[in-house]
Structure formats: structure tokens, C-alpha cells
Amino acid sequence: MTEHITLTVNGVSRSLEVEPRRLLVQAIREDLGLTGTHIGCDTSQCGACTVQLDGMAVKSCSMLAVQADGRSITTIEGMGTPENLHPIQAAFWEKHGLQCGFCTPGMIMAAADLIARDDDPSDDEIRHAIEGNICRCTGYQNIVLAIREAAAVMRAGSAAPAAPASQA
């Protein structure tokens, strides 16, 4: 038995047939082919699967795809392109807020939610906003610096710099 759902994903309307028990993260990765959203723990502890649902950060491994029917989802693929990074992506690059990169999409999605609600968050507010996202490589300090920088750039209305040529 399957359910028909319609989602707006990264600004594009998408229709899917999914089993009622299918997780949103599975629909995003396997049915839509958007593999930037990572599966890290399957228990909603790590935050690697964080996406935005109607503008709010959610862990897509803790939600059924049918619960997202009719809603808008933004994944990391909808944030920017290699040629035109989103300011948060650019700040993570510039401030060395990533190492292996596995947690980075979820961190960026959590940061986007925070900055949308508070365009000048304190370090404590940033740390609180990302506490549901685990990074096993960094000490979090550069992630905090990156989010603070992204907030400043976005407050100023500046465009993010293009990605370095080697990354485009």
C-alpha cells in the first residue's frame, strides 16, 4: 500500500508514491536523489539529516514522508551552488567550520533556521541552536565562528563570495 504525496523541494513541486512508514530522509535521498542530506544515526541524535520544513529545521529521520505532504522542504542542495555559495556555506568554507563534511549539511540547515529567527545570535545562542547536531571532527569553535560570520554577512545583505576555482 502506498500514499501519494506532493512536496515542494528546493522550490520545485515533486510528487511521490511512498509507503506510509517511509521516513522523510529516505524519500529525500532515495526517491528524490538528493544525497546531501545525510543519515548518520537513525535515532535523531546526530542531526546529519537536518532539513528545513516550511522554514524550520527538522531532523528528517524522525519524520514520516507522509507527514510532509503539501509542505515545503529545503535541503542543502537548495541553499546554493558550487559557483554561488549561500553565505552560510561560504562562511563554513572561509572559517574552516568543516573537516570531513559529513555533519556540515545538517549544521548549515540548523544555522539557517537560527539566522532566520535571530540575525545577530550570540555564541551561546549559536551553540544552543546546533546542540542537536554532532560533529566528530571539530571542536565546534570554527562552526560557531562560521555561523557568526554568516549572520554578519546576511545582516549586511552581502552576497557570498564565489567558491574557490578548485571547488567549483
Side-chain angles (χ1 to χ4, degrees), residues 1-82 85-93 97-119 121 124-138 140 143-144 146-148 150-151 154 160:
M1 179 172 137
T2 62
E3 299 281 332
H4 179 81
I5 62 171
T6 302
L7 313 167
T8 300
V9 181
N10 301 328
V12 178
S13 180
R14 306 291 299 264
S15 292
L16 298 171
E17 294 293 326
V18 296
E19 290 184 15
R21 65 182 178 187
R22 190 152 187 79
L23 296 174
L24 180 58
V25 70
Q26 294 169 317
I28 290 168
R29 288 183 55 82
E30 298 165 20
D31 301 336
L32 299 176
L34 299 172
T35 57
T37 301
H38 295 154
I39 299 171
C41 66
D42 282 332
T43 61
S44 78
Q45 298 298 308
C46 76
C49 68
T50 303
V51 298
Q52 287 195 349
L53 180 70
D54 296 333
M56 295 182 63
V58 299
K59 294 179 181 178
S60 60
C61 76
S62 65
M63 181 173 189
L64 298 172
V66 294
Q67 292 174 296
D69 186 25
R71 311 221 13 222
S72 179
I73 298 167
T74 303
T75 68
I76 192 67
E77 290 90 348
M79 293 295 287
T81 66
L85 297 175
H86 186 279
I88 301 171
Q89 292 170 313
F92 267 72
W93 174 267
L98 59 112
Q99 287 183 16
C100 83
F102 192 81
C103 71
T104 305
M107 289 282 189
I108 288 172
M109 301 313 288
D113 180 34
L114 169 65
I115 294 169
R117 290 182 285 110
D118 180 354
D119 70 352
D124 285 343
E125 290 167 327
I126 292 169
R127 289 181 183 282
H128 179 70
I130 63 170
E131 69 185 5
N133 295 71
I134 296 172
C135 177
R136 290 178 174 89
C137 298
T138 72
Y140 294 93
I143 293 170
V144 172
I147 295 170
R148 187 179 339 130
M154 292 170 71

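In this text, all values refer to a predicted model and were calculated from it rather than measured experimentally.
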Pick out which of Thr37, Thr35, Asn10, Thr50 makes a side chain to side chain donor-acceptor pair (under 3.5 Å) with Thr75. Asn10
Given side-chain contact (heavy atoms from CB on, under 4.5 Å), test Arg148 with Ile126 step by step and report yes or no. CA-CA 8 Å; Arg148 187 179 339 130; Ile126 292 169; 4.0 Å; yes
Decide yes or no on side-chain contact (heavy atoms from CB on, under 4.5 Å) for His4 and Ser15, but give the supporting numbers first. CA-CA 7 Å; His4 179 81; Ser15 292; 3.6 Å; yes
Using a 4.5 Å cut-off on heavy atoms from C-beta on, say whether the side chain of Thr6 contacts that of Ser13. yes
Applying side-chain contact (heavy atoms from CB on, under 4.5 Å) to Met63 and Leu53, what does each step give before you reach the verdict? CA-CA 11 Å; Met63 181 173 189; Leu53 180 70; 3.2 Å; yes
Atom CG of Leu7 and atom CG of Asp69: how far apart are they, to the nearest 0.5 Å? 6.5 Å
Any idea which heavy atoms bring Ala151 and Pro121 closest together, and the distance? CB-CD, 3.9 Å
Closest non-hydrogen atoms of Ala65 and Ala27, given as atom of the first, atom of the second and distance, are CB-CB, 4.0 Å
How many angstroms lie between atom CE of Met154 and atom CD1 of Ile147, to the nearest 0.5 angstrom? 11.5 Å
When you measure from the side chain of His86 to the backbone N and O of Ile88, does any donor-acceptor pair fall under 3.5 Å? yes
Main-chain N/O of Phe102 paired with His38 side-chain donor or acceptor, under 3.5 Å: yes
Exercise answer: donor-acceptor pairs, residues 106-116 side-chain atoms, under 3.5 Å, sequence neighbours excluded:
unit_1 : atom_1 : unit_2 : atom_2 : d
Asp113 : OD1    : Arg117 : NE     : 3.4
Asp113 : OD2    : Ala57  : N      : 3.4

Verdict with reasoning, Ile76 to Gln89, per side-chain contact (heavy atoms from CB on, under 4.5 Å): CA-CA 9 Å; Ile76 192 67; Gln89 292 170 313; 3.8 Å; yes
Got a salt bridge between Arg22 and Asp31, using NZ or NE/NH1/NH2 to carboxylate O under 4.0 Å? yes
Here's a test for you: under side chain to side chain contact (heavy atoms under 4.5 Å, CB included), which of Ile143, Leu98, Asn133 qualifies with Thr104? Leu98
Hey, are the side chains of Val51 and Thr74 touching, using non-hydrogen atoms and a 4.5 Å cut-off? no
